[in-house]
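Hydrogens, waters and symmetry mates are skipped; everything else that's a heavy atom, side chains included, is used. Chain naming here is simple, since letters A, B, ... match the order of the sequence lines and numbering starts at 1 in each.
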There are 2 protein chains.
Amino acid sequence: MATMTAGQRREKARVEYDAFIRACPTNQLLDRLSDKWVSLVVAALSGGPMRYSDLSRKIAGVSPKMLTQTLRALERDGILSRTVTPSVPVRVDYELTELGASLACLLTAVKTWAETHIEEVHEARERYDAEADVS
Amino acid sequence: MATMTAGQRREKARVEYDAFIRACPTNQLLDRLSDKWVSLVVAALSGGPMRYSDLSRKIAGVSPKMLTQTLRALERDGILSRTVTPSVPVRVDYELTELGASLACLLTAVKTWAETHIEEVHEARERYDAEADVS
DNA sequence: CTGAATCCTGGGCGATACTG
DNA sequence: CAGTATCGCCCAGGATTCAG
């Protein structure tokens, strides 16, 4: 058939757009930050090096799978370093790299914005929800 | 039984920690930013007001459902304003609020960081992957 | 202690069709 | 034009178990 359905056209556009998005550094970073555990790990490590078990305790509720997955991804990206001390039992330390530290600065900026404007957001929500009640 | 399994303990910790996290402004903001479409919508609107159909065209591949969902969430948070002009056919304009504009600034900071350091990240990845090949 | 491998479930997201 | 309603798929992520 010569024509595409609306869905097919959107699908095509989506695939192309996805490629564009994946190639965009900003979105790559946003994807990282989007991960729930990443910011927690970075925040935890910004206070200094920590062991695997320290992290799993400090970041309560994380499953070993997700912790490992997160740590591996961040190590791959050069955000943190992984140091194995072959003692018995094994000891592994994680530490932010210089790159990771600069990323932590970004998180600080986000944190600052959040603390500065969270009240406005809450007020906006209450206003919005109040209007919804009326209707 | 008197004791809890590791899973149960972690589950309990997770629930408590979730409550803590939800109350944290930084994480609330991170959650917003984490949404794939949010940054795209904000970026699109940072160039000026747009209509619904303009957005769905500019942000290729977004389904009407997700676009609406995203717009509603951002409106609720006071990030953007929704203006209905009851003509025939209906016309709806979306525009960043002042709060939304300040959020856009944050995105700019993220963008700057990403563009500055993306090379280092890529190099780190290649190094990491190269080592993986050896083993 | 630090993970790797496996199974499994929930709900987020996309596609589609329909309304004012 | 600007959405709403509904269905179904898929896979991210949690639980669990085992290994070095």
Residue-level proximity of residues 20-50 of chain A to DNA chain D when a heavy atom falls under 4.0 Å
A:W37
Main-chain N/O of A:R22 paired to A:Q28 side chain as donor or acceptor, under 3.5 Å
yes
A:L55 has an atom CG; how far is it from atom C1' of C:dT2, in whole Å?
12 Å
Write down the distance between CG (A:L71) and P (C:dT2), rounded to a whole number of angstrom.
11 Å
With a cut-off of less than 4.0 Å, is there a side-chain N or O of A:R51 near OP1 or OP2 of C:dT2?
yes
Nucleotide D:dG13, atom P - distance to CD of A:Q69 in whole Å:
7 Å
Check this one for me: any side-chain N or O of A:S53 less than 4.0 Å away from OP1 or OP2 of C:dT2?
yes
So, B:D129 and B:R125, do they make that salt bridge, N to O below 4.0 Å?
no
Among D:dG3, D:dT6, D:dG14, which nucleotide has an atom closest to any side-chain atom of A:K65?
D:dG14
Rounded to whole Å, please give me the gap between CZ in B:R14 and P in D:dG14.
7 Å
Without decimals, in angstroms, what is the distance between A:Y94 OH and C:dC1 P?
14 Å
Taking CE from A:M66 and P from D:dC11, how many angstroms apart are they, rounded to a whole number?
16 Å
Honestly curious: do B:L99 and A:I118 fall in one hydrophobic cluster under the side-chain, below-4.5 Å linking rule?
no
Tell me whether B:R72 is salt-bridged to B:D77, with the criterion being a basic N under 4.0 Å from an acidic carboxylate O.
no
Closest to side chain of B:P89, choosing from D:dC1, C:dT2, C:dT16:
D:dC1
Measure the distance from CG on B:L67 to P on D:dC1 and round it to the nearest whole Å.
14 Å
Would you please confirm or rule out a distance under 4.0 Å between OP1 or OP2 of C:dG3 and any side-chain N or O of A:R72?
yes
Apply side-chain hydrogen bond (donor to acceptor under 3.5 Å, both in side chains) to B:T68 and B:Y52, showing your working.
CA-CA 9 Å; B:T68 300; B:Y52 184 91; 3.2 Å; yes
Looking only at side-chain atoms of A:S63, point me to the closest of D:dA2, D:dA15, C:dG14.
D:dA15
Return the nearest nucleotide to the side chain of A:Y52; candidates are D:dA2, C:dG3, D:dG14.
C:dG3
